[in-house]
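A quick write-up on the structure given underneath.
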Amino acid sequence: MSESSNKGVSRFSMEIVVALLTGAFGVAVCFGSREAGMGWTDMGPDAGYFPFYIGLLIILGSLANLVSAFVKHRGSGAIFVETERFKAVLTFFLPLLAFAAVSTFLGLYIGTALYIAGAMTLQGKYKWWFGLPAGIAVSALFFVIFEIGFKVPLLKGPVEAWFGIY
């Protein structure tokens, strides 16, 4: 992504990145459908027949968006997002990314408690002695609702194993 130092990320670069990402998704769909079989059998189409053609449509749409970006936005100087607004978006996106990473290793309940406590303390400017109990309470409420009420087990980590919750 090209970024000018004082303006922000250009619309042209974002158009290119999105077209390439959706194209890569279409290629992944096509390759995945090949493994499931994309031909016809005596009983009709294989499991990968329709996904393969959907993947081709996604690739075709991505190519059309790529060409459109070069025709409409190349050299226009249009700004997709200003730097300051992009920083504001990152202040919410990066903690969410950290939540996903922590939840993968420590479990969803610990990740939720830390995310709520961190968001309240760092972004909401609450005192830690208010944010931490709120995070723990939300996590405990999720446990009661999902594990006990709905009987739906969520991702658990080593802390839950230590408490014997599995």
Side-chain angles (χ1 to χ4, degrees), residues 1-3 8-76 78-81 85-116 118-119 135 138-166:
M1 289 181 274
S2 66
E3 183 176 327
V9 179
S10 72
R11 178 167 180 175
F12 174 70
S13 64
M14 287 307 296
E15 295 272 351
I16 298 297
V17 167
V18 169
L20 292 174
L21 286 174
T22 56
F25 176 72
V27 168
V29 168
C30 287
F31 275 110
S33 65
R34 277 185 28 182
E35 292 177 5
M38 47 186 226
W40 281 86
T41 65
D42 293 338
M43 298 182 65
D46 278 336
Y49 180 80
F50 292 110
F52 176 76
Y53 288 105
I54 296 297
L56 285 180
L57 286 174
I58 292 171
I59 293 169
L60 183 64
S62 299
L63 289 173
N65 286 336
L66 194 61
V67 169
S68 173
F70 275 99
V71 170
K72 291 181 181 178
H73 303 293
R74 185 175 175 203
S76 69
I79 299 297
F80 176 74
V81 64
R85 290 182 186 221
F86 189 63
K87 287 179 184 177
V89 169
L90 285 179
T91 61
F92 285 94
F93 177 70
L94 293 177
L96 198 57
L97 190 64
F99 164 70
V102 166
S103 295
T104 301
F105 296 107
L106 296 180
L108 197 61
Y109 298 114
I110 302 300
T112 300
L114 292 175
Y115 177 75
I116 297 288
V138 168
S139 189
L141 183 66
F142 282 175
F143 179 81
V144 169
I145 290 171
F146 289 107
E147 300 280 339
I148 296 171
F150 293 135
K151 305 265 190 258
V152 176
L154 298 180
L155 179 66
K156 295 176 193 69
V159 175
E160 290 89 355
W162 185 65
F163 282 118
I165 302 172
Y166 260 91

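This one's a predicted model, so the numbers in the text were calculated from it and none came from an experiment.
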- Item | Val9/Met14 under side chain to side chain contact (heavy atoms under 4.5 Å, CB included): CA gap, chis, key distance, verdict | CA-CA 7 Å; Val9 179; Met14 287 307 296; 3.6 Å; yes
- Compare all side-chain heavy atoms of Ile59 with those of Val27 and state whether any distance is below 4.5 angstrom. yes
- Residue set satisfying side chain to side chain contact (heavy atoms under 4.5 Å, CB included) with Ala88, at least two apart, ordered chain then number -> none
- Query: Side chains of Thr112 and Phe142: does their closest heavy-atom pair fall under 4.5 Å?
  - Reply: yes
- Message: Under the side chain to side chain donor-acceptor pair (under 3.5 Å) definition, can you give me all pairs with a residue in residues 96-105, not counting sequence neighbours?
- Response: none
- Query: Are Ser62 and Leu20 close enough, and set up right, to give a side chain to side chain contact (heavy atoms under 4.5 Å, CB included), and what steps lead you there?
  - Reply: CA-CA 7 Å; Ser62 299; Leu20 292 174; over 6 Å; no
- Message: Taking side chain to side chain contact (heavy atoms under 4.5 Å, CB included) as the definition, give me every residue that meets it alongside Leu154, ordered by chain and number, with sequence neighbours left out.
- Response: Leu108, Tyr109, Phe146, Glu147, Val152
- Task: Taking the side chain as every heavy atom from C-beta outward, state whether Leu66 and Ile16 have any atom pair closer than 4.5 Å.
- Result: yes
- Between NZ on residue Lys72 and CD on residue Glu15, distance to nearest 0.5 Å: 8.5 Å
- Query: Sequence neighbours excluded, which residues qualify as side chain to side chain contact (heavy atoms under 4.5 Å, CB included) partners of Leu114?
  - Reply: Val102, Ile110
- Item | Worked verdict on Phe70 versus Phe12 for ring-ring contact (aromatic ring centres under 6.0 Å, His included) | CA-CA 8 Å; Phe70 275 99; Phe12 174 70; 5.2 Å; yes
- Which pairs with one or both residues in residues 87-103 pass salt bridge (Lys or Arg N to Asp or Glu O under 4.0 Å), sequence neighbours excluded? Glu84-Lys87
Enumerate donor-acceptor pairs with a distance under 3.5 Å from any side-chain N or O in residues 43-51 to protein atoms, sequence neighbours excluded.
none

